[in-house]
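Working notes for the structure below.
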Amino acid sequence: MIEVSKASFYYPNTDEGALNDVSLQINSGECVVLCGKSGCGKTTLTRLLNGLAPSFFDGKLDGMCQSFGLCAGEAAIEEYVPIVGSVFQNPKTQHFNIDTTAELAFPCENMGMNSTDIQERVRSCANEFAMEHLMDRSIFKLSGGEKQKIAFATACMLQPKLLVLDEPTSNLDYKAIQELHDMIAKKKSEGITIVIAEHRLAWLADIADRFCYFASGELQRQWNATEFLKLSNEEMQKMGLRPMDITSYRKRAKE
């Protein structure tokens, strides 16, 4: 359902590509994790998948990046809205309203749905993610984890086929990460395709189907989940990746 073919992307006023000749296929219902050091190209790929590049983030795209029939650089940004839901690193950058209920309703209002259907969908989404206690609240008074839960739920309001998440746990504590993990796992169980660019990898051990390693804008290696979990902490460290087994680190922190 996602096909990237020899895609290279150049931001304005740069000589080096943020992505260089990347080819990748992702099947419907698959959860794929994009990993690698900062600046490796994984965020740029997410921007091509959700249509933000080159429509919003200007640049030159060579090759092709297609998400459920929508080609980056050809399809209008509004065509992506009902197909792709996006969650970013900092939830504060993607809120459009000051209260939580209006925030959930906004995507549906933006698509012109009638008020009865919008209200029902808001109730259903709040119930699905056990967020009734977060409704009718000021977004400014929520914790970082609660804001990210609202952002994720909002991304799901139009029942997209693809969810794209760019470092969604960067500002979250352990409890908030677990809650986000459960929300993502639920959507995966429903057959939604999920692409996550992430530095923290351990929380994805039981969700991801495949891990794609980027360096210098290139897709250098891929592993299925079983293969990736067999990598040692030393091997992960050499690639600049955080370990999957963090038991020893938690023990040291507790001590």
Side-chain angles (χ1 to χ4, degrees), residues 1 28-32 46 49-52 67-68 70 77-173 175-198 203-204 206-208:
M1 292 299 130
S28 180
E30 192 175 12
C31 179
V32 174
T46 66
L49 294 177
N50 61 20
L52 288 179
S67 301
F68 288 82
L70 300 175
I77 189 68
E78 56 266 25
E79 294 183 69
Y80 284 85
V81 174
I83 304 297
V84 186
S86 298
V87 181
F88 305 113
Q89 180 175 346
N90 184 355
K92 290 187 289 186
T93 65
Q94 66 181 98
H95 293 316
F96 286 86
N97 296 274
I98 61 173
D99 74 275
T100 54
T101 302
E103 183 66 17
L104 285 187
F106 180 77
C108 301
E109 292 174 336
N110 201 32
M111 294 298 292
M113 293 175 61
N114 70 66
S115 59
T116 301
D117 290 343
I118 293 174
Q119 291 169 10
E120 175 55 35
R121 192 164 289 192
V122 169
R123 283 193 294 269
S124 176
C125 187
N127 178 68
E128 178 182 11
F129 295 124
M131 297 194 315
E132 292 92 344
H133 64 293
L134 295 180
M135 295 296 93
D136 300 312
R137 300 257 309 266
S138 168
I139 284 181
F140 298 113
K141 295 183 179 179
L142 300 183
S143 69
E146 289 170 337
K147 289 176 182 176
Q148 196 65 298
K149 287 181 70 174
I150 293 295
F152 184 84
T154 302
C156 296
M157 282 295 291
L158 294 177
Q159 300 171 346
K161 297 178 180 179
L162 169 64
L163 287 169
V164 177
L165 299 90
D166 185 16
E167 299 187 30
T169 68
S170 292
N171 302 308
L172 304 187
D173 62 17
K175 181 176 182 293
I177 291 174
Q178 286 300 116
E179 291 175 347
L180 182 63
H181 165 280
D182 294 344
M183 295 172 79
I184 294 172
K186 190 174 192 312
K187 284 301 165 186
K188 184 188 176 185
S189 71
E190 296 172 6
I192 305 300
T193 307
I194 301 169
V195 178
I196 307 174
E198 186 59 289
W203 69 279
L204 293 164
D206 63 335
I207 299 180

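Because only heavy atoms are used, hydrogens play no part in the values below, and waters and symmetry mates are left out as well, while side chains stay in.
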Output the distance between atom [atom1] ([X]) and atom [atom2] ([Y]), rounded to the nearest 0.5 Å.
X      : Y      : atom1 : atom2 : value
Asp99  : Lys141 : CG    : NZ    : 12.0 Å
Cys156 : Leu163 : SG    : CG    : 5.0 Å
Phe68  : Ile83  : CZ    : CD1   : 8.0 Å
Lys161 : Ser67  : NZ    : OG    : 11.5 Å
Leu204 : Ile177 : CG    : CD1   : 9.5 Å

Where do [X] and [Y] come nearest, in terms of heavy atoms and distance?
X      : Y      : answer
Gly145 : Leu172 : CA-CD2, 3.7 Å
Ile150 : Leu104 : O-CD2, 4.1 Å
Ala102 : Asn97  : O-ND2, 3.4 Å
Ser86  : Gln94  : O-NE2, 3.2 Å
Glu79  : Leu70  : O-CD1, 3.4 Å
Gly144 : Pro91  : O-CG, 4.2 Å

Fit a plane to each ring of His181 and Trp203, take the angle between them on a 0 to 90° scale, and name the class: parallel (under 30°), tilted (30 to 60°) or perpendicular (over 60°).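 Ring orientation, 0 to 90° scale: perpendicular.
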Using side-chain heavy atoms (C-beta onward) and a distance below 4.5 Å, is [X] in contact with [Y]?
X      : Y      : result
Thr100 : Met135 : yes
Pro107 : Thr154 : yes
Val84  : Val164 : yes
Leu158 : Cys108 : yes
Met157 : Ile118 : no

Evaluation steps, side-chain contact (heavy atoms from CB on, under 4.5 Å), between Asn171 and Gln148: CA-CA 9 Å; Asn171 302 308; Gln148 196 65 298; over 6 Å; no
For the pair Glu146 and Lys149, find out whether any cationic side-chain nitrogen is under 4.0 Å from an anionic carboxylate oxygen.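 Salt bridge: no.
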Salt-bridge contact Glu128-Lys187 (side-chain N to carboxylate O under 4.0 Å):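 Yes, Glu128 and Lys187 are salt-bridged.
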Any donor-acceptor pair under 3.5 Å linking the side chain of [X] with the backbone of [Y]?
X      : Y      : value
Ser189 : Lys186 : yes
Thr193 : Leu162 : no
Glu167 : Ala197 : no

Met1, CE: over 12 other non-hydrogen atoms inside 6.0 angstrom: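 Count not over threshold, so no.
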Can Phe152 and Leu165 be said to form a side-chain contact (heavy atoms from CB on, under 4.5 Å), step by step? CA-CA 9 Å; Phe152 184 84; Leu165 299 90; 4.0 Å; yes
